[in-house]
Amino acid sequence: MKTRTDLPQRCYALLKNIPAGKVTTYKLLAEALDTQAYQAIGQILSKNPDLVRVPCHRVVKSNGEVGGYASGEAAKIALLQQEGIEVVDRRIHNLNAVLYVFNDKPSKN
DNA sequence: TTGATGACCTGAG
DNA sequence: ACTCAGGCCATCA
């Protein structure tokens, strides 16, 4: 049973697992946390207790937009571009290419 | 405990 | 392609 009591805590943990040059969506992140509170994820990130430890700027929306950011959307876009992600007018060109996938299904390997 | 808010998502015009 | 409205879940006061 996934303890959904500390959702924020889990968000930060997963974000830390996201490497540079990769991004994820609030929806996928919520799914990875075994929940459906997409908005809750956004709110948790908006609180952002550790903006330096948690790469919340690598979290974008499902429609391809970068979404929002504590320092501003522009700052978020700039960071993404520095990571090597192509962003144009608040939108990611190759979202599917930079989209990060969690180890939700370990399988046999 | 109830009420209101949100860095969202999906569907329809 | 873009805009408008509704809904869903969790967190905060």
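The structure presented is a predicted model; accordingly, all values stated were derived computationally and were not measured. All chains are named by letter (A, B, ...) in the order of the sequence lines, taking the proteins before the strands, and each is independently numbered beginning at 1.
In this entry the distance linking CG of L7(A) with P of dC8(B) reads 16 Å, nearest Å. Separating the CG atom of L51(A) from the P atom of dA7(B) is a distance of 15 Å, rounded to the nearest angstrom. If you measure from atom CZ of R10(A) to atom P of dC9(C), you get 18 Å, rounded to the nearest angstrom. Put simply, CD1 on I44(A) is 15 Å from P on dC9(C), counting in whole angstrom units. When rounded to the nearest whole Å, the span between CD of Q36(A) and C1' of dA10(C) equals 12 Å. Atom C1' of nucleotide dC8(C) and atom CG of L33(A) are separated by 16 Å, given to the nearest angstrom. Separating the CD1 atom of I41(A) from the P atom of dC8(C) is a distance of 18 Å, rounded to the nearest angstrom. Whole-Å rounding puts the L45(A) CG to dA10(C) P distance at 16 Å.
Connectivity analysis of hydrophobic side chains (ILVMFWY, heavy atoms under 4.5 Å, direct or indirect) links V60(A) to V23(A), L28(A), V66(A), I77(A), L80(A), I85(A), V87(A), I92(A), L95(A), V98(A), L99(A).
Taken from OG1 in T24(A) to CG in L15(A), the straight-line distance is 8.0 Å, to the nearest 0.5 Å.
Under the 4.5 Å side-chain criterion, counting only non-hydrogen atoms from C-beta, Y26(A) is in contact with K61(A).
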Provide a list of protein-nucleic acid N or O atom pairs under 3.5 angstrom, restricted to nucleotides 3-6 of chain B.
| from | atom 1 | to | atom 2 | distance (Å) |
| --- | --- | --- | --- | --- |
| dT5(B) | O2 | Q43(A) | OE1 | 3.3 |
| dG6(B) | O4' | Q43(A) | NE2 | 3.1 |
| dG6(B) | N9 | Q39(A) | OE1 | 3.3 |
| dG6(B) | N1 | Q39(A) | OE1 | 2.9 |
| dG6(B) | N3 | Q39(A) | OE1 | 2.6 |
| dG6(B) | N3 | Q43(A) | OE1 | 3.0 |

What's touching nucleotides 10-13 of chain B from the protein side, N or O pairs under 3.5 Å?
none

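Looking at the side chain of P8(A), the nearest of the listed nucleotides dA7(B), dT11(C), dA10(C) is dT11(C). Counting only heavy atoms from C-beta on, Y26(A) has its side chain closest to dC9(B) among dT11(C), dC2(C), dC9(B).
Residues Y12(A) and L51(A) do not share a hydrophobic cluster, clusters being chains of Ile/Leu/Val/Met/Phe/Trp/Tyr side chains in contact below 4.5 Å. Following chains of ILVMFWY side-chain contacts shorter than 4.5 Å, one cannot reach I41(A) starting from Y69(A), and the two form parts of different hydrophobic clusters. Cluster annotation: F102(A) is connected to L7(A) through the hydrophobic network of ILVMFWY side chains, with a link wherever side-chain heavy atoms come within less than 4.5 Å. One hydrophobic cluster, built from ILVMFWY side chains closer than 4.5 Å, holds both V54(A) and I44(A).
The two residues R58(A) and K22(A) make their nearest non-hydrogen contact at CD-O, 3.4 Å.
Residue contacts shown for R91(A) are limited to sugar-phosphate atoms, with no base heavy atom under 4.0 Å away.
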